[in-house]
Amino acid sequence: MKIILLNGPPGCGKDFAGQILMDLLPKSVVVKFAKELKERTHALYRLMNIYGQPFAHDAFEHCKDTPVAEFHGRTPRLCYIAVSENLIKPLHGDYIFGEWLANAMEAAPMYDTFIVTDSGFAEEAEVLIKRFGKDNVQLIRIHREGHDFSSDSRSYLDLGVQCHDVMNCGTPAFAQSLKTCLSSVGW
């Protein structure tokens with residue numbers, strides 16, 4: 001099993017990079033540390049689908065920085081951060097989202113590569129490194145002009161694994177940079 005951690009500020013292109021990498025790597029899938037957080041936050045706010053299940057983790061992706069009625073006039077991002085930092089992590093530890101994701105990954109043996117598009121907390125990523133091995137994890141830090149962590153609780157990481165810094169300054173060049181990251185480690 002191989003793991004690619006994408007790390008960068010909001011709007012830098014992590015999800016886009018995840019799609020590019022998934023197209024380059026057979027038997028790969030995009031996953032997120034925040035999937036459980038978002039679904040549990042939706043349940044807390046009683047945001048349920050017609051089957052009584054919490055809205056999918058990406059239900060508010062198109063408006064995550066816009067105040068919405070479903071979150072009582074707050075942005076989804078603000079609510080996710082508040083639930084994470086004020087409820088779940090204080091109760092269960094800073095590593096908990098890493099544990100939940102590692103368990104989900106182990107339950108999905110049909111994939112060879114997991115592309116984590118929301119890596120930003122060392123404690124979460126370290127769970128994956130310990131469980132799956134340092135040589136099986138690659139970190140790609142994405143930089144993009146005009147984007148920083150000022151509206152987010154994450155930051156750039158240094159995890160002691162193979163690491164690449166990539167500038168997102170346009171689709172063809174960005175895609176080529178990501179492909180170069182893969183080839184430099186033989187993936």
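Side-chain atoms are counted along with the backbone in the values below, which use heavy atoms only and exclude waters and symmetry mates.
- To the nearest 0.5 angstrom, Q19 atom CD is 11.0 Å from L24 atom CG.
- With rounding to the nearest 0.5 Å, the separation of OG in S155 from CZ in F121 is 7.5 Å.
- Judged purely by atom type and a 3.5 angstrom limit, K14 has no side-chain atom pairing as donor or acceptor with the backbone of N7.
- The salt bridge (charged side-chain N to carboxylate O under 4.0 Å, His left out) test applied to D152 returns R77, R154, not counting sequence neighbours.
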Exercise. Can you list the steps and then say if V127 with I96 is a side-chain contact (heavy atoms from CB on, under 4.5 Å)?
Worked result: CA-CA 9 Å; V127 170; I96 191 63; over 6 Å; no

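- Contact annotation: the side chain of S84 never approaches that of S153 to less than 4.5 Å [non-hydrogen atoms, C-beta and beyond].
- M167 is not connected to I142 by any chain of hydrophobic side-chain contacts under 4.5 Å among Ile, Leu, Val, Met, Phe, Trp and Tyr, and they are in different clusters.
- Taking the six-membered ring where the residue is Trp, the centroids of Y80 and H42 are separated by under 6.0 Å.
- Under the 3.5 Å distance criterion, the side-chain polar atoms of S28 are matched with a main-chain donor or acceptor of L25.
- Rounding to the nearest 0.5 Å gives a distance of 6.5 Å between CG of D158 and SG of C163.
- The shortest non-hydrogen separation linking C181 to V166 is SG-CG2, 3.6 Å.
- At least one side-chain heavy atom of L5 sits less than 4.5 Å from a side-chain heavy atom of L128.
- Scanning all heavy atoms of the two residues, the minimum distance from L6 to G18 falls at CD1-N, 3.6 Å.
- Looking only at side-chain heavy atoms (C-beta outward), P54 and M48 come within less than 4.5 Å of each other.
- Proximity of a side-chain donor or acceptor of D58 to a complementary backbone N or O of E61 within less than 3.5 Å is not detected.
- Put simply, L101 and L157 are part of the same group of oily side chains (I, L, V, M, F, W, Y) that touch within less than 4.5 Å, one to the next.
- V30 and V116 end up in different hydrophobic clusters when Ile, Leu, Val, Met, Phe, Trp and Tyr side chains are linked at under 4.5 Å.
- Between atom CD1 of residue I4 and atom CG of residue L182 there is a gap of 5.0 Å, rounded to the nearest 0.5 Å.
- Closest of all the heavy-atom pairs between V68 and C63 is CG1-SG, 3.8 Å.
- Remark: D165 engages R141 in a salt bridge, criterion side-chain N to carboxylate O under 4.0 Å.
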Exercise. side-chain contact (heavy atoms from CB on, under 4.5 Å) between Y45 and H72: does it pass, once the steps are laid out?
Worked result: CA-CA 9 Å; Y45 279 84; H72 303 281; 3.7 Å; yes

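- When side chains are defined from C-beta on, P26 does not count as touching D112, because their heavy atoms never get closer than 4.5 Å.
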For this session: Would you please test L37 and W100 for side-chain contact (heavy atoms from CB on, under 4.5 Å) and show each step?
Result: CA-CA 10 Å; L37 166 65; W100 288 342; over 6 Å; no

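- Of the possible donor and acceptor atoms, none in the side chain of D94 sits under 3.5 Å from a partner among the backbone N and O of K89.
- Applying the salt bridge (charged side-chain N to carboxylate O under 4.0 Å, His left out) rule to E99 yields the partners R131; only residues at least two apart in sequence or on another chain are considered.
- F114 and Y111 have perpendicular rings, their planes meeting at more than 60° on a 0 to 90° scale where under 30° would count as parallel.
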Exercise. Taking it one step at a time, do F71 and F60 satisfy ring pair (Phe, Tyr, Trp, His ring centres under 6.0 Å)?
Worked result: CA-CA 10 Å; F71 289 104; F60 294 93; 5.1 Å; yes

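- Taking all atoms of both residues into account, the shortest heavy-atom contact from L159 to A125 is CD1-CB, 3.6 Å.
- Note that the CD atom of E39 and the CG atom of L47 stand 12.0 Å from one another [nearest 0.5 Å].
- Looking at I115 and V29, their side chains never come closer than 4.5 Å, going by heavy atoms from C-beta outward.
- Under a hydrophobic clustering in which Ile, Leu, Val, Met, Phe, Trp and Tyr are joined whenever their side-chain heavy atoms come within less than 4.5 Å, directly or via other members, F55 and L44 fall into the same cluster.
- Between Y156 and F149, the two ring planes are perpendicular [angle over 60°; tilted spans 30° to 60°].
- Checked by atom type and distance alone, the side chain of N168 never pairs as donor or acceptor with a backbone atom of F174 at under 3.5 Å.
- H143 contributes atom NE2, which lies 9.0 Å from atom SG of C12 (distance to the nearest 0.5 angstrom).
- Among pairs with a residue in residues 177-187, none fulfils salt bridge (charged side-chain N to carboxylate O under 4.0 Å, His left out), at least two apart in sequence or across chains.
- In summary, K130 and E126 do not engage in a salt bridge, as defined by a charged side-chain N under 4.0 Å from a carboxylate O.
- Partner of Q138 under the side-chain hydrogen bond (donor to acceptor under 3.5 Å, both in side chains) criterion, out of K2, Q162, H164: H164 alone.
- Ion pairing between K32 and D15 holds under the 4.0 Å rule for side-chain N and carboxylate O.
- Looking at P76 and C79, their side chains never come closer than 4.5 Å, going by heavy atoms from C-beta outward.
- The shortest distance between side-chain heavy atoms of I3 and M105 falls below 4.5 Å.
- Under the 4.5 Å side-chain heavy-atom criterion for grouping Ile, Leu, Val, Met, Phe, Trp and Tyr, V161 is not connected to I140 through any hydrophobic cluster.
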